[in-house]
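The first residue of the sequence shown is numbered 1, and numbering continues consecutively from there. Side chains included, hydrogens not; waters and symmetry mates left out as well; all remaining heavy atoms used. Only a predicted model underlies this, so the values are computations on that prediction, with no experimental measurement involved.
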Amino acid sequence: MKNILIIGGSKGIGNAILLQQLEQNNIYNISRNAPNVSHPNLTHFSLDVLKDSLPKIEAIDTLIYCPGSINLKPIGSLSIDDFRNDFEINVIGAVKVIQEYLPVLKKGTNPSIILFSTVAAKLGMPFHASIATAKAGVEGLVKSLGAELASVVRINAIAPTITETSLSAGILRNDRMKENMMERHPMKGYLKPEEVADMADFLMSQKAKSISGQIFEMDYGIVTFKI
């Protein structure tokens with residue numbers, strides 16, 4: 001049984017990971033709102049990782065930082081605060097959590113960290129300047145820490161395309177928009193959060209013991225293929 005710390009497990013991809021892992025592992029969740037589930041394996045802490053002190057946790061094998069943002073605006077409509085807020089949520093929050101829990105994580109079994117990027121960090125997409133900049137920072141963090149911690153802790157990132165969560169509800173708000181989104185992807189689909197949870201499950205497992213410092217594109221072909 002692993003000890004898994006999830007930041008942002010109350011909804012979206014984080015919640016899918018939490019629900020997938022809950023029966024077989026101890027889960028510690030940190031988010032502003034509690035997950036809509038009760039289980040003896042779940043310990044929840046309600047707080048804002050950017051503003052509040054982080055709780056003491058005695059044992060961690062995997063740290064998963066899920067908070068993100070979808071802030072899509074033309075460059076002329078983006079304020080400096082937009083860039084600052086997206087960077088705070090995606091990068092500074094991850095750094096704060098890693099710094100806090102790294103000493104405990106180093107003592108874990110097959111210890112690993114999983115962060116989240118986006119396909120927009122690789123594929124130039126209009127109106128993604130702020131979020132793509134922040135997620136590029138996440139990818140740099142993964143590469144640098146992967147090297148620094150190579151002998152003790154693995155760190156990887158998942159870079160999903162659009163995923164059907166509450167965060168993307170405005171982009172996938174009706175059947176026509178969903179169909180258009182599927183057609184934009186060469187493999188004619190987009191992600192469900194459970195698919196991303198499956199990738200996270202692999203990356204924290206012993207099967208991925210040789211993998212660190214990598215960014216895994218889950219893109220339905222949108223980055224890789226031109227058809």
Side-chain angles (χ1 to χ4, degrees), residues 7-8 11-17 50 64-95 113-146 155-200 202-203 211 213-227:
I7 315 300
K11 58 185 179 180
I13 291 170
N15 188 246
I17 296 171
L50 291 174
I64 306 174
Y65 185 85
C66 303
S69 51
I70 298 182
N71 186 13
L72 308 184
K73 298 177 185 177
I75 186 64
S77 298
L78 286 166
S79 67
I80 293 301
D81 280 341
D82 283 320
F83 280 90
R84 185 177 289 113
N85 291 338
D86 285 335
F87 194 81
E88 288 270 345
I89 292 166
N90 289 280
V91 181
I92 301 302
V95 170
I113 299 169
I114 300 172
L115 305 182
F116 283 88
S117 182
T118 172
V119 293
K122 290 282 194 303
L123 178 68
M125 301 174 73
F127 314 126
H128 283 69
S130 183
I131 186 59
T133 298
K135 290 300 193 183
V138 171
E139 295 194 6
L141 183 64
V142 167
K143 295 291 185 181
S144 182
L145 286 187
I155 178 168
N156 295 288
I158 301 171
T161 187
I162 189 77
T163 307
E164 194 167 18
T165 67
S166 58
L167 202 61
S168 64
I171 300 171
L172 300 172
R173 61 181 175 269
N174 56 50
D175 289 342
R176 181 178 179 182
M177 295 180 78
K178 291 179 180 180
E179 183 66 29
N180 289 341
M181 188 60 70
M182 291 177 69
E183 287 300 316
R184 287 184 61 194
H185 291 76
M187 295 170 67
K188 306 306 179 190
Y190 53 82
L191 287 166
K192 303 289 186 182
E194 293 76 17
E195 295 174 76
V196 187
D198 286 340
M199 175 63 84
F202 168 72
L203 289 175
I211 300 171
Q214 303 301 311
I215 314 298
F216 288 87
E217 308 286 341
M218 297 187 70
D219 68 348
Y220 273 88
I222 199 169
V223 174
T224 311
F225 307 136
K226 181 175 175 61
I227 298 175

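No side-chain heavy atom of Ile70 sits less than 4.5 Å from a side-chain heavy atom of Ile131. The shortest distance between side-chain heavy atoms of Leu172 and Lys178 falls below 4.5 Å. Residues Phe87 and Thr133 have side chains not in contact (no heavy-atom distance under 4.5 Å, counting atoms from C-beta outward).
Residues that satisfy the side-chain contact (heavy atoms from CB on, under 4.5 Å) test with Phe202, not counting sequence neighbours, are Met199, Ser205, Lys207, Ala208, Ile211. In this structure, the side-chain contact (heavy atoms from CB on, under 4.5 Å) partners of Val223, at least two apart in sequence or on a different chain, are Val119, Lys122, Leu123, Glu217, Asp219. Tyr190 is linked by a side chain to side chain donor-acceptor pair (under 3.5 Å) to nothing, counting only residues two or more places apart in sequence or in another chain. Taking His128 as the reference, nothing meets the side chain to side chain donor-acceptor pair (under 3.5 Å) condition, with sequence neighbours excluded. With sequence neighbours excluded, the residues satisfying side chain to side chain donor-acceptor pair (under 3.5 Å) with Asp86 are Ser69, Asn71, Ser130. Residues passing the side-chain contact (heavy atoms from CB on, under 4.5 Å) test with Ala136: none are found, sequence neighbours excluded. Annotation: side chain to side chain donor-acceptor pair (under 3.5 Å) contacts of Asn180 (sequence neighbours excluded): none. Asp82 is linked by a salt bridge (Lys or Arg N to Asp or Glu O under 4.0 Å) to Lys73, counting only residues two or more places apart in sequence or in another chain. Under the salt bridge (Lys or Arg N to Asp or Glu O under 4.0 Å) criterion, Arg84 pairs with Asp81, sequence neighbours left out. In this structure Pro126 satisfies the side-chain contact (heavy atoms from CB on, under 4.5 Å) test with no other residue, sequence neighbours excluded.
Across every non-hydrogen atom of Asn90 and Pro67, the tightest pair is OD1-O, 3.7 Å. Counting all heavy atoms, side chain and backbone alike, Ile17 lies closest to Cys66 at CD1-SG, 4.4 Å. Contact record, Ile75 with Ala129: CD1-CB, 4.2 Å, taken as the closest heavy-atom pair. Summarising the geometry of Ile114 relative to Ala200, their closest heavy-atom pair is CD1-O, 3.5 Å, with the distance given to 0.1 Å. The minimum heavy-atom distance linking Pro193 with Ile13 is given by the pair CB-CA, 4.1 Å. Across Lys143 and Gly213, no two heavy atoms sit closer than the pair NZ-O, 2.9 Å.
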Are His185 and Ile162 close enough, and set up right, to give a side chain to side chain contact (heavy atoms under 4.5 Å, CB included), and what steps lead you there? CA-CA 10 Å; His185 291 76; Ile162 189 77; 4.0 Å; yes
Begin from the C-alpha positions of Phe116 and Ile64 and carry the test side chain to side chain contact (heavy atoms under 4.5 Å, CB included) through to its verdict. CA-CA 9 Å; Phe116 283 88; Ile64 306 174; 4.0 Å; yes
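Residue Glu164 forms a side chain to side chain contact (heavy atoms under 4.5 Å, CB included) with just one option from Lys192, Met181, Glu195, and that option is Lys192.
Atom CD1 of Ile155 sits about 4.5 Å away from atom CG of Leu145, to the nearest 0.5 Å. Rounded to the nearest 0.5 Å, atoms CD1 (Ile215) and NZ (Lys135) are 10.5 Å apart. With rounding to the nearest 0.5 angstrom, the CG atom of Asn85 is 11.0 Å from the CG atom of Leu78. To the nearest 0.5 Å, atoms CE (Met182) and CE (Met187) are separated by 11.5 Å.
Checking side-chain atoms of Ser144 against main-chain N and O of Val142 turns up no donor-acceptor pair under 3.5 Å.
For CG of Asn174, the number of neighbouring non-hydrogen atoms (other residues, nucleotides, ligands) closer than 6.0 Å is greater than 12.
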